[in-house]
Asker: 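My questions will all concern the structure given below.
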There are 2 protein chains.
Amino acid sequence: MAKISVKARTSSATITDVARELGVSISTVSRALTRPQLLRPETRARVLAAVEQLNYRPNLLARGLKSGRAGAILLVVPNLSPFFMEIFAGAEEAAHEAGFSVLLGHSAEDPAREIACFDQVASGRADGIISAAVPSIYASGKRPLPPLVMVMERCPERTVPLIRVDDDTGAMRATEHLIGLGHRRIAHICGNKKAQSSARRLEGYRRALDQAGLRAQPEWIHPGDYSVQSGMDAVRRLMLLKHPPTAIFCANDEMAYGAIHALHLLGLRVPQDISIAGCDDQNMAAYSSPPLTTLHIPRHDLGRRAALELIDKLQGRDVAHEVLLPTRLVVRESTAAPAAASRARPAPR
Amino acid sequence: MAKISVKARTSSATITDVARELGVSISTVSRALTRPQLLRPETRARVLAAVEQLNYRPNLLARGLKSGRAGAILLVVPNLSPFFMEIFAGAEEAAHEAGFSVLLGHSAEDPAREIACFDQVASGRADGIISAAVPSIYASGKRPLPPLVMVMERCPERTVPLIRVDDDTGAMRATEHLIGLGHRRIAHICGNKKAQSSARRLEGYRRALDQAGLRAQPEWIHPGDYSVQSGMDAVRRLMLLKHPPTAIFCANDEMAYGAIHALHLLGLRVPQDISIAGCDDQNMAAYSSPPLTTLHIPRHDLGRRAALELIDKLQGRDVAHEVLLPTRLVVRESTAAPAAASRARPAPR
DNA sequence: AAGCGCCTTGAAAACGTTGTCCGGCGACGG
DNA sequence: CCGTCGCCGGACAACGTTTTCAAGGCGCTT
């Protein structure tokens, strides 16, 4: 059978090698791999055996070039934090089922790198993009849009599907939890100013306070940027207020950790002296000291759904314009009723 | 100039479009992009201008197919934890400087997925691999090895370069730090049994005890798997010993957090009642309660060096057989001298 | 003044696939 | 018994690049 088997030593086997080994045409080999129903089962089996024996792997570059499909989607993230990595894992799960790979594009919040990521589609390396941050590419001109699905953040281009979480309602529930424990002076540390998720969480916080008849004081609302450090800074400022808050709702877990850490440094105990709640429910939340009360964000599902929608879109199917996933408040030990002294003190007007 | 400009609407511009726009051959355009020194500067500038104007992006699939180089390397990791993500960031930094992309391969500790990752080279999507876990591909047969560089773990195939950290010495220093504080009963929670890094850290721990004339008791050495949960489990067992340890050196930060958490649940304070040290120095280490004493592992450098070596190898340059990076002990607040009571108690023979 | 090189560019052949178009052959109907 | 239809599988033209080969033009040396 194997007559001419030289050259296979250097680089890996090609479809031609397989065809020659079997004495069939390359079309047959190609069909065995991509459209089995076009072949007699017996032929197909023979081809597959030869493929196995020669350890042949189709060249994805050639395949993609010819077919115009890369068979991959790209997830663009602003950083490599566990939050986005779980979205990645979710996207991978869904994509693999559909026969797609997922590439990771790390923009590092750098517009140039972000553009480079988006260019991967024009370069043929990916068929479409899931983006977790609104692309500054819009500012940069009228570049034609690649097939795109957003996660968490809405695109100015209104036709781009969005998969997000119902943060507003979630944040409202978290704040209500604090109110229900008896807190009246509840502060909020905001996330990254540019993030819509941050704005929505603030909105939910406000709504809960309104509905409870508590007037949100401007000084209770403190800017942050989702970093541990910003959580620490915020707490230092907040505790300087004439009437410091008895509870703080943070727009993510990292800032909540920062808040707790800063409070410890100030000699205050969580939750006895002050309650802290976060958002995200990262892996560590259950194990920190104290375990963190936090709003669970279904990151895995977010990634899953985004991949599903993108692939639907790529295959010409209709996609939902917006998908809203529910959050869930996980009550642990960083929140408790305020100390009697605090409770007795009147809330400022 | 632009005479025939149809079709550019549907898919993106090709090298042919650019050449036609300028009235030059496609060779010229190709050269302007890949080997500028072959062109008259003026010609090159004209081409570049047209590229810009047409927003042309070379098709990486075609380029890779023709040239036999994908221009990408693949980092294979067993999970998406921050530890490996920082290695990824480091690899990206070095690779970008050399004009390579970095792909992320998530094997999820599944041999099938791992093989799929390694096949990316045979498929032409990547030119070489950095692997953070020793590939079970060896068990699976005599597959030809792709260009490979290992990180942290040595490959059975001895010719594969290894970039690792000097964990043994690091672990020894960490343990010496505990001994220096006055601890005599020092336990160790091991990492994943299959990980060589784990074995090396155990080795360093042992050596430090030996050199201090302290006989390591077998029951002080507790298995773990790098997870928070295993840290908790280990502590529960260790504290049941007749003479429980006054300090625990954990093979990573996660387990250290688990240990601290379990101790809190037992009503013990860190570091007053027991000292805890970790390995890795993850971002949270400085902000946990208490801030964690831990052995810093230069993850970013690990990734950087690995990428550098792999690219050297791909370009036919000689590469170091083994690169050893130093660790650094970061002393924070989770370690302190043992309580007087403990110190008074005699160490077991 | 002629010849020799170098510098710059063009033409064309791959790279390994997919997919279209065709032809051959067996079965079935008239 | 012959014609037609359908199923299988082969040939070959792309896909968008890089790269080799060749050629034209210009300057310098002898």
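Order of the sequence lines fixes the chain letters, A, B, ..., with proteins taken first and strands second; residue numbering starts at 1 for each chain.
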Asker: Rounded to the nearest angstrom, tell me the gap between atom CZ in B:Arg125 and atom P in C:dT17.
Answerer: 14 Å

Asker: Rounded off to whole Å, could you give me the CD1-to-P distance for the B:Ile26 and C:dA14 pair?
Answerer: 15 Å

Asker: Could you check whether A:Arg69 gets within reach of a base, just the sugar-phosphate, or nothing at all, counting any heavy atom under 4.0 Å?
Answerer: sugar-phosphate

Asker: Verify the contact: side-chain N or O of A:Arg31 to OP1 or OP2 of C:dT18, cut-off strictly under 4.0 Å; return yes or no.
Answerer: no

Asker: Just checking A:Ser27: base, sugar-phosphate only, or nothing, at a heavy-atom cut-off of under 4.0 Å?
Answerer: base

Asker: Donor-acceptor pair, distance only, cut-off 3.5 Å: does the side chain of A:Glu92 make one with the backbone of A:Val102?
Answerer: no

Asker: What is the distance from atom CG of B:Leu325 to atom CZ of B:Arg299, rounded to the nearest 0.5 Å?
Answerer: 12.5 Å

Asker: Can you say whether a donor on the side chain of A:Arg57 sits under 3.5 Å from an acceptor on the base of C:dG16, or the other way round?
Answerer: no

Asker: Does a side-chain N or O from B:Thr43 land closer than 4.0 Å to OP1 or OP2 of C:dT8, or not?
Answerer: no

Asker: Taking the side chain as C-beta and beyond, is there a heavy-atom pair between B:Ser101 and A:Arg125 under 4.5 Å?
Answerer: yes

Asker: Can you find a side chain N or O atom of B:Ser25 that sits less than 4.0 Å from OP1 or OP2 on C:dA11?
Answerer: no

Asker: Quick one: B:Leu54 CG to D:dG16 C1', roughly how many Å, whole number?
Answerer: 15 Å

Asker: Between C1' on D:dG10 and CG on A:Leu22, what's the gap in Å once rounded to a whole number?
Answerer: 14 Å

Asker: Using whole Å, what does the distance between atom P of nucleotide D:dC12 and atom CD1 of A:Ile15 come to?
Answerer: 16 Å

Asker: Can you see which heavy atom on B:Pro146 is nearest to which on B:Ile129, and at what distance?
Answerer: CG-CD1, 4.3 Å

Asker: Output the distance between atom OG (A:Ser136) and atom CD1 (A:Ile115), rounded to the nearest 0.5 Å.
Answerer: 5.5 Å

Asker: Report yes if some heavy atom in the side chain of B:Glu114 is under 4.5 Å from a heavy atom in the side chain of B:Pro135; otherwise report no.
Answerer: yes

Asker: Of the options C:dA11, D:dT18, D:dG9, whose atoms approach the side-chain atoms of A:Thr28 most closely?
Answerer: D:dG9

Asker: When you match A:Arg40 and B:Val29 each to their closest nucleotide on DNA chain D, which lands nearer the 5' end?
Answerer: A:Arg40

Asker: Between residues 58-68 of chain B and DNA chain C, which residues have a heavy-atom gap below 4.0 Å?
Answerer: B:Leu65, B:Lys66

Asker: Between B:Arg57 (side chain only) and A:Ser123 (backbone N and O only), is there a donor and an acceptor less than 3.5 Å apart?
Answerer: no

Asker: What is the nucleic acid contact for A:Arg35, judged by heavy atoms within less than 4.0 Å: base, sugar-phosphate only, or nothing?
Answerer: sugar-phosphate

